[in-house]
Amino acid sequence: MTEHKEILESMGEKMGFTPQILETLGDLDPEFLHKYRRCDHKILTDGALPAKTKILMALAVVASKQCESCTVAQMKSALKNGATKEEIMETMEVIFITSGAPAVAACRNALKMLKEM
């Protein structure tokens, strides 16, 4: 297995899925994956803040950017890292207060995952 495939596999195990864009970027520029992994490691690892908290923060940020596919990716990661329905709904309140209804609407597909809990 090539090194960039190993990186993708490792990231997929931590996140619970592998974003398609990372596979594409890995094929185009394997060094990009090394840089991405270093940044990703900071989010998916407990530090002064637990990983789950940082992932919920990331969910709020991508929702504020109104990136629907990004909210789905962050929701999968949040659930994989133990976020509860209550924690996610409180994050949705923060999203609404700080970024408004369009940011909440960007979470429509991500929120469908909560129905399956």
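Start at 1 with the first residue, then count along the sequence.
Partners of Ser69 under the side chain to side chain contact (heavy atoms under 4.5 Å, CB included) rule, at least two apart in sequence or in another chain, are Cys67. Residues that satisfy the side chain to side chain contact (heavy atoms under 4.5 Å, CB included) test with Glu23, not counting sequence neighbours, are Leu8, Thr18, Gln20. Residues meeting the side chain to side chain donor-acceptor pair (under 3.5 Å) test with Lys112, sequence neighbours left out: Asn109. Every residue meeting the side chain to side chain contact (heavy atoms under 4.5 Å, CB included) condition with Ile43, not counting sequence neighbours, appears here in chain and number order: Lys54, Ile55. Scanning for side chain to side chain contact (heavy atoms under 4.5 Å, CB included) contacts around Pro50 gives Asp46, Thr53, with sequence neighbours left out. Residues that satisfy the salt bridge (charged side-chain N to carboxylate O under 4.0 Å, His left out) test with Glu68, not counting sequence neighbours, are Arg108.
Ser64 and Val61 get closest at one heavy-atom pair: OG-O, 2.6 Å. Ala103 approaches Ile95 most closely through the heavy-atom pair CB-CG2, 3.6 Å.
To the nearest 0.5 Å, atom CD of residue Glu86 and atom CG of residue Leu114 are 9.5 Å apart. Here Tyr36 contributes atom OH and Leu22 contributes atom CG; the two are 5.0 Å apart, rounded to the nearest 0.5 Å. Here the straight-line distance linking atom CG of Leu59 with atom CE of Met75 works out to 5.5 Å at 0.5 Å rounding. In this structure, CZ on Arg38 lies 11.0 Å from CG on Leu33, to the nearest 0.5 angstrom. Of the inter-residue distances, the one linking Leu111 atom CG with Ile88 atom CD1 reads 8.0 Å to the nearest 0.5 angstrom. To the nearest 0.5 Å, the span separating CG on Asn81 from CD on Gln74 amounts to 10.0 Å.
Under the 4.5 Å side-chain heavy-atom criterion for ILVMFWY residues, no single connected hydrophobic cluster contains both Leu56 and Leu49. There is a path of hydrophobic side-chain contacts, each under 4.5 Å, that joins Met92 to Phe96. Clustering ILVMFWY residues whenever any of their side-chain heavy atoms sit less than 4.5 angstrom apart, transitively, puts Val72 in a cluster other than the one holding Val62. Note on Met113: it clusters hydrophobically with Met89, by side-chain heavy-atom contacts below 4.5 Å among ILVMFWY residues.
For the pair Leu44/Ser77, a side-chain contact is recorded, criterion being any heavy-atom separation below 4.5 Å from C-beta on.
Within the structure, the side chain to side chain donor-acceptor pair (under 3.5 Å) test picks out no pair touching residues 89-101 (sequence neighbours left out). The list of salt bridge (Lys or Arg N to Asp or Glu O under 4.0 Å) pairs with a residue in residues 58-67, not counting sequence neighbours, is empty.
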